[in-house]
Amino acid sequence: MKYIVVLGDGMADYPIKELDNQTPLQYASTPTMDYMAKHGIQGLVKTVPNAMPAGSDTANMAVLGYDPFVYYSGRSPFEAASIGVAMLDTDVTFRCNLVTLSEDEPYEEKIMLDHSAGEITTEESGVLLKALSEFLSTEGIKFYPGIGYRHLIVWDKGPYKWTLTPPHDILGQKVKKYMPKGPGSEIIEEMTKKSSKFLSDHDINKKRIARGLKPANSIWVWGEGRKPLLSSFYEKYKLKGSVISAVDLIKGIGMCSGMDVIDVEGATGNINTNFKGKAKAALDEMAKGNDFVYIHVEAPDECGHRAEVENKYKAIELIDDQIVKYIKEEMERIGEDYKMIILPDHPTPLSLRTHTHEPVPFLIYQSNDEKDNGYDTYNEVTAKEAGLYFPKGYKLMDYFIKGDT
């Protein structure tokens, strides 16, 4: 038996007026997921405890079977692991976004326009990070480039008690209320303000503006953490696993749990990602002998943050057609039994443009144990009606693999 997770990041949502008062998951054409819904099991799972931020870090850890209250030490350490930054026990890491703020006003009065600087390319951001590193690094604070707008700061022996806000939580708002708070916050604040002037004057941004693109005119620091101590996924479930994602966070969780991490050419973290390439990579990993694959797709989440209604339901349709359908057909062709679970990590409602804590719908399909449960679709409503509920998200993986409730 092979075990396949298809994680549509931020896929869950609220009913949308433009979609006939349906959610994107209800509105999207998803014939393969609907077939699996009719012949599988649906339910709801609470992936993020109310006492913790509704982040992809805690949510994906829970989906993989790790209790966030036990294992969570911050988001950015997983990103450090993904890009090969070796952490000391005394290091504190931070996520460093390149963002777009409004121009002209004093820094505190600026408005957060885009948490991704218009989805800046890795090539452009790499040039900016190198220049920023030369400009802002100190003996104890270093900058490391990641992918797209997502980057990393490591502070040797830095303070750990912080109040920091993700930039995607404050879109359209003035940054004044959300400036860093905590011991040493004046250091981060000064770096942030210096970055704004420096980046605004950089040729990369002048060229982006000339092309009608958003400039990466500031850094935004958040997601602090310390060296993670995840237990081995193999020791936990006796399955050799692989993680397939374009996002450093998810790759880092995979690395820290001892799984193979697979890079897919053309995987971007947005709707232009290589959906079928991820499906093919999953099949390749299973053909090599791995029993568990975790396919993470960021696209629905990015569409939610950017309030792109059409792109969000189209991303869900692409997941259905180019990942779920493709894997189903290939597994049937080679005659391999498998179980697949499909779910979001958290909702990213288009109306809010940020993550929320509500339970998310999951669907489990087993190829050699088809059921007839009376449901013809998979979405938030049918999953709730099915009546199966996991209030502790990390228990769902036990149920998926072992059948334990």
Side-chain angles (χ1 to χ4, degrees), residues 5 7-13 45-82 92-97 99 112 115-116 146-153 160-171 178 180-182 220-230 243 245-257 269 294 296-306 343-350 352-360 392-394 396-397:
V5 179
L7 194 293
D9 200 305
M11 190 162 59
D13 211 309
V45 56
K46 176 80 167 167
T47 54
V48 184
N50 285 333
M52 303 185 83
S56 292
D57 41 16
T58 48
N60 279 273
M61 286 175 64
V63 172
L64 278 165
Y66 296 96
D67 183 350
F69 283 123
V70 174
Y71 292 101
Y72 185 64
S73 63
R75 175 189 182 112
S76 53
F78 294 120
E79 295 168 317
S82 174
V92 177
T93 56
F94 303 85
R95 170 73 169 270
C96 176
N97 275 43
V99 302
M112 181 68 68
H115 69 287
S116 69
I147 295 174
Y149 62 88
R150 309 172 182 94
H151 307 285
L152 183 75
I153 293 173
Y160 190 55
K161 293 183 178 179
W162 291 91
T163 301
L164 302 172
T165 305
H168 50 260
D169 283 356
I170 59 173
L171 291 165
Y178 306 103
K181 298 177 180 65
W220 190 262
V221 179
W222 61 289
E224 73 283 2
R226 286 177 169 159
K227 188 175 181 179
L229 296 170
L230 283 190
V243 169
S245 176
V247 177
D248 285 334
L249 167 66
I250 309 304
K251 292 179 180 180
I253 292 174
M255 288 179 178
C256 291
S257 60
Y294 192 85
H296 172 268
V297 184
E298 179 80 354
D301 184 63
E302 285 297 309
C303 297
H305 287 310
R306 300 172 69 83
L343 76 166
D345 50 352
H346 51 67
T348 307
L350 288 153
L352 300 179
R353 300 182 66 184
T354 191
H355 306 164
T356 62
H357 283 85
E358 289 100 338
V360 296
K392 295 182 178 179
Y394 67 93
L396 179 62
M397 186 57 66

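- Contact of the Leu396 side chain with the Val63 side chain is not registered, since no non-hydrogen atoms from C-beta on lie closer than 4.5 Å.
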Derivation of the side-chain contact (heavy atoms from CB on, under 4.5 Å) call for Asn60 and Phe78: CA-CA 12 Å; Asn60 279 273; Phe78 294 120; over 6 Å; no
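- Asp169 CG to Trp222 CH2: the interatomic distance, rounded to the nearest 0.5 Å, is 8.0 Å.
- One finds the CG atom of Leu171 at 11.5 Å from the CG atom of Leu352 (value rounded to the nearest 0.5 Å).
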Candidate pair Ile253 and Val243, rule side-chain contact (heavy atoms from CB on, under 4.5 Å), full reasoning: CA-CA 9 Å; Ile253 292 174; Val243 169; over 6 Å; no
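- Under the 30°/60° scheme for interplanar angles, the aromatic rings of His355 and His305 are found to be tilted.
- Among residues two or more places apart in sequence or in another chain, the side chain to side chain donor-acceptor pair (under 3.5 Å) test is passed with Tyr66 by none.
- Between Pro349 and Asp13 there is a side-chain heavy-atom pair separated by less than 4.5 Å.
- Of all non-hydrogen atoms in Thr356 and Ala54, the two that sit nearest each other are O-CB, 3.6 Å.
- Looking at heavy atoms from C-beta onward, Met112 lies in side-chain contact with Trp220 at the 4.5 angstrom threshold.
- A salt bridge does not link Glu298 to Lys251: none of the charged nitrogens lies less than 4.0 Å from a carboxylate oxygen.
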Steps toward side-chain contact (heavy atoms from CB on, under 4.5 Å) verdict (Leu343, Val5): CA-CA 8 Å; Leu343 76 166; Val5 179; 4.2 Å; yes
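- In this structure, Ser56 and Leu249 have side chains that are in contact, with non-hydrogen atoms separated by less than 4.5 Å.
- Residues satisfying the side chain to side chain donor-acceptor pair (under 3.5 Å) criterion with His168, sequence neighbours excluded, are absent altogether.
- Within 6.0 Å of NZ on Lys181 lie more than 12 heavy atoms contributed by other residues, nucleotides or ligands.
- Residue pairs that meet the salt bridge (charged side-chain N to carboxylate O under 4.0 Å, His left out) test with at least one member in residues 69-82, sequence neighbours left out, are Arg75-Glu79, Glu79-Arg95.
- In this structure, Asp9 and His346 have side chains that are in contact, with non-hydrogen atoms separated by less than 4.5 Å.
- Of the possible donor and acceptor atoms, one in the side chain of Ser76 sits under 3.5 Å from a partner among the backbone N and O of Thr93.
- Here the CE-OH distance, from Met52 to Tyr72, works out to 6.5 Å after rounding to the nearest 0.5 Å.
- Not counting sequence neighbours, Arg226 has no partner by the side chain to side chain donor-acceptor pair (under 3.5 Å) test.
- Partners of Ser82 under the side chain to side chain donor-acceptor pair (under 3.5 Å) rule, at least two apart in sequence or in another chain, are Asp248.
- For the atom pair Asp301 CG and His296 NE2, the distance stands at 7.0 Å (nearest 0.5 Å).
- Going from atom OG of Ser73 over to atom CE of Met61 covers 7.5 Å, rounded to the nearest 0.5 Å.
- Of all heavy-atom pairs spanning Ile250 and Ser245, the tightest one is CB-OG, 3.5 Å.
- Among all heavy-atom pairs drawn from Val45 and Gly393, the shortest one is CG2-CA, 3.5 Å.
- We find the OH-CE distance between Tyr294 and Met397 to be 7.0 Å, quoted to the nearest 0.5 Å.
- A distance-only check finds no donor-acceptor pair linking the side chain of His151 to the backbone of Asn97 [under 3.5 Å].
- With a 4.5 Å cut-off on side-chain heavy atoms, Phe94 and Leu164 count as touching.
- Among pairs with a residue in residues 46-65, none fulfils salt bridge (charged side-chain N to carboxylate O under 4.0 Å, His left out), at least two apart in sequence or across chains.
- With Asp345 contributing its side chain and Gly10 its backbone, the two residues share a donor-acceptor pair below 3.5 Å.
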